[in-house]
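Remarks on the structure that follows.
Since this is a predicted model, take the numbers as computed values, not measurements.
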Amino acid sequence: MPPQKKLLKYSLVAAVLMVAAAGAKIYFFLSHAAPAYLSSPAVIGDLQDTVLATGTVKALRQVSVGAQVSGQIKALHVTLGDHVKQNQPIAEIDSVTQRNALHAAEADLVDTRAQLNAARADAQQKELAFKRQQTMYAQDASSRESYEQAEAAMESSRANVTALVAQIDKNTIAVDMAKANLGYTRILAPIDGVVVALVAQQGQTVNSNQATPTIIKLARMDTVTIKTQISEADVTRVKAGQKVFFTILGEPDRRYYTTLRAIEPAPDSILQDETSSSNASAGTTASAIYYNGLLDMPNADGKLRISMTAQVNIVLGEAKHAVLIPATALGKRDQDGRYAVRVLDQGGNAQPRKIRVGLNTNANVQVLEGLNAGERVVTGEAAGGAGAPGGPRAIRF
């Protein structure tokens, strides 16, 4: 074979070997580069650990003002939304029946008093007659029978006086009751408040013999109470006095701040009859249990209204200007309470480190020691990522 052809053959073989070597290098080395890290910086911020609950706005105090006597409503002095003061007239019921009953009771009292005066005079006369018979009997000037008759007449007259005194007391009570019933025909506001409902109208007849009829509903709205439902899973973590903020649907960007006043010891289901509730639960699955938390809020501007829905956040703990990292960056917890994290160095390599944490909301974590603001922590690894020949590549957020 000529030398030129041999040289060309050797050159082709060398080129093929070089291409094969380069391919092998790419396949065996570059395709298995280190994974790319997902990372996030440690930042300075505020953190709150809260319990989320749903509440309903209620009046601080609400009273159903009703009629204690029967009759027609002759006048209604308030309208819906009126602000009233305590003892302000609200309504008047036709008082003819109650006024006549008072006159009758007063007449019975006068009659009984007259009977008492007559009975006392009779008792005095019977007592004098008995004393005469007593003197005559002692001198054998009267019979035993006459003496005993005089004594019995005196005792009978005294008993009649006692009975009439008791009847006067009874008639006096009847007069007082009649006066009270007459007073009930003029209905006054029991508290300061706002008329939130007109149940009865002028001209309507109310009957108090069957049930106390409600005429209006009066509520104090200068301060409202938010009755919030706290699940049994969260109620053990909350207590009276904790900071609370809430929003309403009409103003989702405005926060109302207050404190938790109290937590009711039992759910609303305790108000149901135990027998009926046990029978109802026998054929159904157990429902969620909620306990009522109560919080008060001043309402000078009147924006908070009865039955509004409130999104309530009960603050369990908070940290201001703290170093924060995502909760996904936390690794295993040691016996001393510290957590393992991986921190990226300047070359993008993950270095293990131990940190101590405070609040943990399962989204973000407060770092107490072991990490400075600005350092990046590894939150995960990107599957199938390729790094540069010099080492792993960090994906920054």
Side-chain angles (χ1 to χ4, degrees), residues 55-109 170-227 248-250 268-273 276 292 294 296-310:
T56 304
V57 177
K58 297 182 178 296
L60 179 65
R61 185 182 178 190
Q62 182 172 312
V63 179
S64 295
V65 183
Q68 295 180 263
V69 293
S70 300
Q72 186 183 49
I73 300 176
K74 302 296 289 186
L76 194 60
H77 301 300
V78 296
T79 58
L80 196 63
D82 282 355
H83 292 260
V84 299
K85 297 291 184 180
Q86 186 175 7
N87 295 326
Q88 178 179 330
I90 291 177
E92 294 181 13
I93 295 176
D94 186 10
S95 61
V96 173
T97 302
Q98 289 75 23
R99 197 176 300 278
N100 289 339
L102 175 59
H103 291 332
E106 291 175 337
D108 289 342
L109 179 59
K170 184 178 180 179
N171 288 349
T172 301
I173 294 173
V175 170
D176 292 340
M177 290 182 63
K179 287 181 179 179
N181 288 333
L182 180 60
Y184 292 151
T185 61
R186 188 169 180 263
I187 301 173
L188 306 178
I191 61 170
D192 295 348
V194 179
V195 179
V196 295
L198 288 176
V199 182
Q201 301 296 327
Q202 184 171 324
Q204 182 176 338
T205 300
V206 293
N207 184 1
S208 64
N209 295 325
Q210 298 177 352
T212 302
T214 299
I215 296 177
I216 70 168
K217 291 186 178 182
L218 201 60
R220 279 193 57 185
M221 296 298 295
D222 54 340
T223 299
V224 296
T225 295
I226 291 82
K227 189 174 183 180
I248 56 176
L249 297 180
D268 287 340
S269 58
I270 199 173
L271 300 176
Q272 302 174 1
D273 181 73
S276 61
N292 294 319
L294 305 178
D296 300 332
M297 185 71 200
N299 188 35
D301 56 5
K303 286 189 175 182
L304 300 177
R305 298 173 182 267
I306 293 174
S307 295
M308 278 186 170
T309 300

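Considering every non-hydrogen atom in both Val206 and Pro213, the closest pair reads CB-CG, 3.7 Å. Taking each heavy atom of Gln62 and Ile306 in turn, the nearest pair found is OE1-CD1, 3.7 Å. When every heavy atom of Val65 is checked against every heavy atom of Leu218, the shortest pair comes out as CG2-CB, 4.3 Å. Of all the heavy atoms in Ile93 and Ala67, the pair that sits closest is CD1-CB, 3.5 Å. Residues Arg220 and Asp192 come closest through the heavy atom pair CG-O, 3.0 Å. Between Gly203 and Gln72, the shortest heavy-atom contact is O-NE2, 3.2 Å.
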- Step-by-step side-chain contact (heavy atoms from CB on, under 4.5 Å) determination, Ile191 to Gln86: CA-CA 4 Å; Ile191 61 170; Gln86 186 175 7; 5.6 Å; no
- Message: Let's go through Gln88 and Asp82 carefully: what are the C-alpha distance in whole Å and the side-chain angles of both, what is the deciding distance for side-chain contact (heavy atoms from CB on, under 4.5 Å) to 0.1 Å, and is it a yes or a no?
- Response: CA-CA 12 Å; Gln88 178 179 330; Asp82 282 355; over 6 Å; no
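Asp301 places a side-chain N or O within 3.5 Å of a backbone atom of Lys303 that can act as its donor or acceptor partner. Between the side chain of Asn299 and the main chain of Met221, a donor-acceptor pair closer than 3.5 Å is present.
Side-chain contact between Val224 and Leu60 is absent, with no heavy atoms from C-beta onward closer than 4.5 Å. Using a 4.5 Å heavy-atom threshold, the side chains of Thr56 and Met308 count as separate. The shortest side-chain heavy-atom distance between Thr79 and Val195 does not fall under the 4.5 Å cut-off. You'll find the side chain of Ile215 stays beyond 4.5 Å of the side chain of Val199, heavy atoms only. Here the side chains of Pro89 and Leu188 are in contact, with some heavy-atom distance below 4.5 Å. Taking the side chain as every heavy atom from C-beta outward, Glu106 and Lys179 approach each other to under 4.5 Å. Counting heavy atoms from C-beta on, the side chains of His77 and Ile90 never come closer than 4.5 Å. Counting heavy atoms from C-beta on, the side chains of Val57 and Arg305 never come closer than 4.5 Å.
Atom CZ in Arg186 sits 11.0 Å away from atom CG in Leu182 (nearest 0.5 Å). Here the straight-line distance linking atom OG of Ser70 with atom CG of Asn181 works out to 9.5 Å at 0.5 Å rounding. Note that CD of Glu92 is 11.5 Å distant from CD1 of Ile73, once rounded to the nearest 0.5 Å. Of the inter-residue distances, the one linking Asp176 atom CG with Asn171 atom CG reads 11.0 Å to the nearest 0.5 angstrom.
For the residue pair Thr225/Asp296, the side-chain donor-acceptor check at 3.5 Å is satisfied.
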